[in-house]
Amino acid sequence: MTTDTRFPELEQQFIVAGCDRLIAVHWALDIETVDSQSHNDMKFYTGNTARRQEFIVGRILAQRGLVNLKQLPTPIACGIDREPLWPEGVMGSMTHTGKFAAAVVWLPKTGQHPAGIGIDAEQCGRRNPAIWPTVFTTPEIEYLNQQSPLVRDQMATCLFSAKEAVYKAQFPLTRRFIEFEEITLRIPAPTTVDCRTDWLRIEHDIKELDPFHFSVFYYYLGTIVVTGAVALAKSNSLQNGS
Ligand SMILES: CC(C)(COP(=O)(O)OP(=O)(O)OC[C@H]1O[C@@H](n2cnc3c(N)ncnc32)[C@H](O)[C@@H]1OP(=O)(O)O)[C@@H](O)C(=O)NCCC(=O)NCCS
């Protein structure tokens with residue numbers, strides 16, 4: 001059973017996104033390699049066996065992150081909108097896709113509050129162009145149509161995932177549901193299949209998000225794309241001179 005699940009490369013991405021160093025990311029390529037027998041979060045869970053396992057493994061990974069940050073590995077309950085409820089002063093996010101799972105835990109500094117963080121993962125090849133109009137904006141579709149088939153598929157997955165990461169980062173701050181067409185993500189050109197990681201620029205017209213600056217990135221792990229989003233209050237960024 002695997003216990004060494006820390007993911008320094010992704011932690012580095014979150015640090016560059018503005019998280020400072022009090023961040024821990026854990027991941028599992030195969031959730032069955034994570035020992036979940038003795039886990040103590042069962043009481044929060046209802047559902048089938050596969051769902052139970054991803055739910056629990058996400059929490060085990062998150063609790064490893066809490067321990068890395070010298071916090072107690074307390075149970076992580078669900079809020080009424082399914083959002084994870086973190087201990088006081090902690091921000092975090094979890095994701096699972098297929099057998100993959102990851103969790104990020106962050107202790108924002110006092111001056112960084114309010115702040116949010118999101119992580120998402122998706123397997124490439126599942127974003128059929130037929131659904132593009134329901135999840136992508138016109139500029140995003142134009143961008144995708146200009147790419148080669150391989151890049152198009154990868155970047156469609158990436159854009160979809162990054163929107164979900166943004167959603168998770170902003171939700172605890174605004175409690176606002178966001179439709180996919182309310183956000184446009186811009187990819188820096190030129191993008192090639194060799195480009196493992198990069199930043200995305202966010203455009204929106206959502207007043208609840210206006211107080212926040214978002215840093216959004218993607219990171220490819222073979223056929224899985226992991227995306228991250230960090231929301232920092234613009235007023236704090238200005239005070240800190242960034
Ligand atoms: C909530 C949502 C983002 C989850 O993404 P997903 O790809 O389906 O699933 P993932 O495995 O990546 O993430 C699931 C985890 O997200 C977290 N999550 C769920 N709802 C959340 C919320 N409202 N806020 C923050 N995190 C949330 C939970 O930790 C959940 O895992 P758990 O139930 O085991 O605790 C997605 O189901 C959804 O509702 N999307 C619609 C809104 C949206 O994404 N808009 C995009 C435009 S910005």
Please check: side-chain N/O of [X] versus main-chain N/O of [Y], any donor-acceptor pairing under 3.5 Å?
X    : Y    : result
S93  : I119 : yes
D81  : E83  : no
D30  : K99  : no
T197 : Y218 : yes
W86  : G92  : yes
Y143 : M155 : no
T184 : E203 : no

So [Y] and [X], do their side chains get closer than 4.5 Å, heavy atoms only?
X    : Y    : answer
L69  : V90  : no
V104 : F14  : yes
H96  : V57  : no
Q154 : Q147 : no
R176 : F171 : no
L159 : I187 : yes
V226 : Q13  : no
R175 : I80  : yes

Determine whether [X] and [Y] fall in the same hydrophobic cluster, where Ile, Leu, Val, Met, Phe, Trp and Tyr are linked whenever their side-chain heavy atoms lie under 4.5 Å apart.
X    : Y    : answer
V34  : V67  : no
V151 : L185 : yes
L72  : L22  : no
I183 : V135 : yes
F160 : I178 : yes

Nearest-0.5 Å distance, [atom1] of residue [X] to [atom2] of residue [Y]:
X    : Y    : atom1 : atom2 : result
I76  : F55  : CD1   : CZ    : 9.0 Å
I224 : T97  : CD1   : OG1   : 6.5 Å
R152 : Q146 : CZ    : CD    : 10.0 Å
R59  : E54  : CZ    : CD    : 10.0 Å
E11  : R21  : CD    : CZ    : 10.0 Å
E9   : L221 : CD    : CG    : 8.5 Å

Self-check item: Check: Y167 ring centroid to F180 ring centroid under 6.0 Å
Solution: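 Centroid separation for Y167 and F180: 6.0 Å or greater.
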Closest approach of [X] to [Y] (non-hydrogen atoms, all atoms of both residues):
X    : Y    : value
A231 : F214 : CB-CE2, 3.6 Å
P108 : G89  : CD-O, 3.5 Å
A115 : L232 : CB-CD2, 4.0 Å
P84  : M94  : CB-CE, 3.7 Å
P73  : L66  : CA-CD1, 4.2 Å
V230 : C19  : CG2-SG, 3.6 Å

Exercise. Using the side-chain contact (heavy atoms from CB on, under 4.5 Å) rule, take D210 and H204 through it: C-alpha gap first, then chi angles, then the decisive distance, then the call.
Key: CA-CA 9 Å; D210 267 348; H204 64 81; 3.7 Å; yes
Quiz item: After noting the C-alpha distance and the side-chain angles of I23 and I117, does the key distance pass the side-chain contact (heavy atoms from CB on, under 4.5 Å) rule?
Solution: CA-CA 11 Å; I23 185 110; I117 193 163; 3.6 Å; yes
Quiz prompt | Atom CG of N128 with >12 non-hydrogen neighbours under 6.0 angstrom | solution =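 Yes, because the 6.0 Å sphere around CG of N128 holds more than 12 heavy atoms from other groups.
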Exercise. Start with the C-alpha distance between W27 and L10, add both sets of side-chain angles, then the distance that settles side-chain contact (heavy atoms from CB on, under 4.5 Å), and finish with yes or no.
Key: CA-CA 10 Å; W27 68 313; L10 264 192; over 6 Å; no
Practice problem: Assess whether side chain to side chain donor-acceptor pair (under 3.5 Å) is satisfied between D120 and S161, documenting all intermediate values. | Solution: CA-CA 6 Å; D120 192 83; S161 174; 2.9 Å; yes
Self-check item: Verdict with supporting geometry, N145 and E142, side-chain contact (heavy atoms from CB on, under 4.5 Å)
Solution: CA-CA 5 Å; N145 280 331; E142 282 170 4; 5.9 Å; no
Self-check item: E140/K163 salt bridge by N-O under 4.0 Å criterion
Solution: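 Judged by the 4.0 Å cut-off on N to carboxylate O distance, K163 and E140 do form a salt bridge.
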